[in-house]
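Notes follow once the structure below has been shown.
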Amino acid sequence: MRKSLVLTGLLLAGCGGHGGGNESAEAPGAAATAAAAANPSTASCADKPEFVPVIAGAALVNCASGDVDATGRHSGMLVYTTQATPGAVLAWSKAEAGKAGLGLKMDMETMISAGDGDRTLAVFTTPEQPRGARVTVNWGVKQR
């Protein structure tokens with residue numbers, strides 16, 4: 001459990017901002033992010049790396065990404081819903097990570113994480129009612 005909390009904290013730090021700003025809702029991209037949250041059909045994952053898995057038939061809820069100067073990484077997250085069960089999503093995501101050459105780091109009941117040094121991936125699932133799953137995927141890529 002402690003590893004999961006530490007990993008989640010690290011992933012959020014890698015995907016988050018630089019921590020030194022006084023940014024307002026008027027910051028570049030804020031309107032697009034707000035629009036995507038309000039209207040899932042406007043969310044875009046255009047810069048999602050190929051190794052980031054999204055199961056077939058998924059409904060995209062939100063995407064966000066950006067460069068993190070402090071870590072030298074381009075990181076992002078996406079959220080989607082699917083009719084597949086959480087277990088099926090994780091099994092499929094684990095197989096896709098392996099095909100992409102990512103080594104499995106953690107394998108738990110509700111999440112997996114994988115990476116290869118330059119690329120990191122974490123997939124978190126929760127049951128969606130009345131069936132299916134809500135999936136959050138965090139990813140990072142070392143900037144070249």
Calculate, to the nearest 0.5 Å, the distance between atoms [atom1] and [atom2] belonging to [X] and [Y] respectively.
X: Q83; Y: I55; atom1: CD; atom2: CD1; answer: 11.0 Å
X: S65; Y: N138; atom1: OG; atom2: CG; answer: 12.0 Å
X: D118; Y: L102; atom1: CG; atom2: CG; answer: 10.5 Å
X: S75; Y: D67; atom1: OG; atom2: CG; answer: 8.5 Å

Handout entry: Parallel, tilted or perpendicular, as decided by the 30° and 60° cut-offs, for the rings of H74 and W139
Key = tilted
Practice task
Identify the heavy atoms of T81 and E128 that sit nearest to each other, and give their distance.
Solution key: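 The pair with the smallest heavy-atom distance is CG2-OE2, 4.0 Å.
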Handout entry: Shortest non-hydrogen contact from F51 toward V141
Key =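 F51 and V141 have their closest heavy atoms at CE2-CG2, 3.6 Å.
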Sub-4.5 Å side-chain heavy-atom contact between [X] and [Y]:
X: F124; Y: V135; answer: no
X: R119; Y: K142; answer: no
X: C45; Y: L60; answer: yes
X: L78; Y: V52; answer: yes
X: N62; Y: Y80; answer: no
X: M111; Y: V123; answer: no

Practice task
Check the pair K48 / V54 against side chain to side chain contact (heavy atoms under 4.5 Å, CB included), numbers first and verdict last.
Solution key: CA-CA 10 Å; K48 175 187 78 63; V54 177; 4.1 Å; yes
Problem - S113 (side chain) donor-acceptor with M106 (main chain) under 3.5 angstrom - result: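 Confirmed, S113 side chain pairs with M106 backbone.
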Completion exercise
Only one of T125, V137, I112 passes side chain to side chain contact (heavy atoms under 4.5 Å, CB included) with V89, and that residue is T125
Exercise for the section: Say whether T120 and R73, considering side chains only, have a donor N or O and an acceptor N or O under 3.5 Å apart. Expected result: yes
